[in-house]
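Taking it in order: structure first as structure tokens, then the write-up.
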Amino acid sequence: AKAARSPEPCFYDAQMDEAVRARRELVTDLRAAVEAEAFELHYQVQASVETGEITGYEALVRWNHPTRGRIAPLVFIPLAEESGEIVPLSIWILRQACFEAALWTNRHIVAVNLSPKHLADPRLVETVAAALADSGLPPERLVLELTESAIIHDRNFALDQLQALKAMGIGIALDDFGVGYSSLDVLRSFPFDRIKLDASFVSAIDHDDQAVSILRSVAALGRTLGMSVLAEGIEQPAQLSIVTREGCSAIQGYLIGKPARVLADPGEVRQAMLL
Ligand code: C2E
Ligand code: CA
Ligand code: CA
Ligand code: CA
């Protein structure tokens, strides 16, 4: 509603007004940044707990704002979702990740986060096919990570989209498992290749026996369903031992590598996992 038409507010909140103005400004900047492609991708290593070998790298977008510096994706991704900038941004991320990964001599997998709005875009399958064809990245080297919130909106359409992507040979990961609406039904009905256990869940395992029991069950469930289970947010060697003991197949976290422009070195990753 236009401010001019609304009645005088009973409480005038200058702080709120300022927050709204700042937000609107950020949306404008975001729009310009998408147009100028003022983002870059950092990559965080993922490794097998069994062998210590690298299994892939997750692409994480970074925005260096011209005056405010680095803005966290947890701030600007939701803003992009709400303001309609997410699909163009998401297309840029996908294409950039494919083009960069196509140049990696190690031929590892690149995992790209897929926003809920992009999964709902009818042109997604076409966009992904074009990104692969244009970059020359084989479909087997691309994994798309998505959360359950991407699925609950239009379930049947989400299933169609994921099945089409899967048929192309792309891997699909269920992100942030263990928080939110994680349901067994989604695991059963959707073509996931891997489950990513959320970091907030993993951080509880060194002091919470119940969390360890759940971890063990999820790892077993993944094995039964033929999905690999990756534990996110591993910072401590103790956490690595627990997830290894309980049957997780892979890890990601600061212990073995932070997101960076330069890909983590295999020797350093193996070293970190031996500690
Ligand atoms: P996510 O997909 O769950 O990504 C993992 C986040 O955990 C990343 O934060 C990563 O830097 C952080 N992380 C990794 N290891 C550790 C650890 O050991 N300890 C702690 N404390 N944190 C760790 P980041 O890069 O800030 O991204 C936050 C979220 O923003 C992502 O969560 C994802 O939901 C979203 N996001 C980031 N990049 C993209 C993107 O390219 N596209 C989309 N759609 N979303 C993205
Ligand atoms: Ca992710
Ligand atoms: Ca995650
Ligand atoms: Ca998360």
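We count ligands from 1, going down the list as the structure has it; atoms in each ligand are counted the same way. The model shown is predicted, which means the values in this text are computed figures rather than measured ones. Values below: all heavy atoms of this structure, side chains included; hydrogens, waters and symmetry mates excluded.
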- request: Measure the acute angle between the ring planes of F39 and W63, then classify it against the limits of 30° and 60° as parallel, tilted or perpendicular.
  value: tilted
query: Do side-chain atoms of D193 reach the backbone of I172 as a donor and acceptor pair under 3.5 angstrom?
result: yes
Carboxylate-amine/guanidinium proximity below 4.0 Å for E58 and K196: yes
task: Return the set of residues passing salt bridge (charged side-chain N to carboxylate O under 4.0 Å, His left out) with R107 (not counting sequence neighbours), or none when no residue passes.
output: none
message: One thing to verify: whether E25 and R21 come together as a salt bridge, which I'm taking to mean a side-chain N less than 4.0 angstrom from a carboxylate O.
response: yes
statement: Honestly, for K196 the part within reach of ligand 1 (heavy atoms, under 4.0 Å) is neither
statement: So, leaving waters aside, the tally of protein N/O/S atoms less than 3.0 Å from the Ca ion (ligand 2) stands at 4
task: Please identify each residue that fulfils ring-ring contact (aromatic ring centres under 6.0 Å, His included) with F192, with sequence neighbours left out.
output: none
Option nearest atom 28 (C) of ligand 1 (shortest heavy-atom distance, choices L74, I77, V61): L74
task: Using a 4.0 Å heavy-atom cut-off, say whether Q252 meets ligand 1 through its side chain, its backbone, both or neither.
output: neither
query: If you measure from atom 5 (C) of ligand 1 to every heavy atom of K117, E232, K258, E145, which option wins on shortest distance?
result: E232
field: Per-atom contacts, ligand 1 versus G253 - under 4.0 Å to a heavy atom
entry: 15 (N), 18 (O)
Side chain, backbone, both or neither: the part of D175 lying under 4.0 Å from ligand 1 by heavy atom: side chain
- prompt: Do NZ/NE/NH1/NH2 and the carboxylate oxygens of R31 and E85 come within less than 4.0 Å?
  reply: yes
- prompt: For ligand 1, does R62 get within less than 4.0 Å through its side chain, its backbone, both, or neither, judged by non-hydrogen atoms?
  reply: side chain
task: Quick one: look at D176 and ligand 1, take heavy-atom pairs under 4.0 Å, and tell me if it's side chain, backbone, both or neither.
output: side chain
query: Does some non-hydrogen atom of G233 fall short of 4.0 Å from ligand 1?
result: yes
query: Among Q239, E58, Q44, which residue places a heavy atom closest to atom 1 (P) of ligand 1?
result: E58
query: At what distance, to the nearest 0.5 angstrom, does CD of Q236 lie from CG of D206?
result: 7.5 Å
- prompt: Would you say the side-chain atoms of E145 pair up with the backbone N or O of D175, donor to acceptor, closer than 3.5 Å?
  reply: no
message: With a 4.0 Å cut-off on heavy atoms, is P259 in contact with ligand 1?
response: yes
query: Any donor and acceptor pair, going by atom type alone, linking the side chain of Q96 with main-chain N or O of W92 inside 3.5 Å?
result: no
May I have the list of side-chain donor-acceptor pairs in residues 121-129 shorter than 3.5 Å, sequence neighbours left out?
from: D121; atom 1: OD1; to: R123; atom 2: N; distance (Å): 3.0
from: T127; atom 1: OG1; to: R123; atom 2: O; distance (Å): 2.8

query: Which of the numbered atoms in ligand 1 are below 4.0 angstrom from a heavy atom of E235?
result: 17 (C), 18 (O), 19 (N), 20 (C), 21 (N)
query: Where the side chain of Y57 meets the backbone of A264, is there a donor-acceptor pair that is under 3.5 Å apart?
result: yes
message: Heavy atoms only, cut-off 4.0 Å: how does I93 contact ligand 1, side chain, backbone, both, or neither?
response: side chain
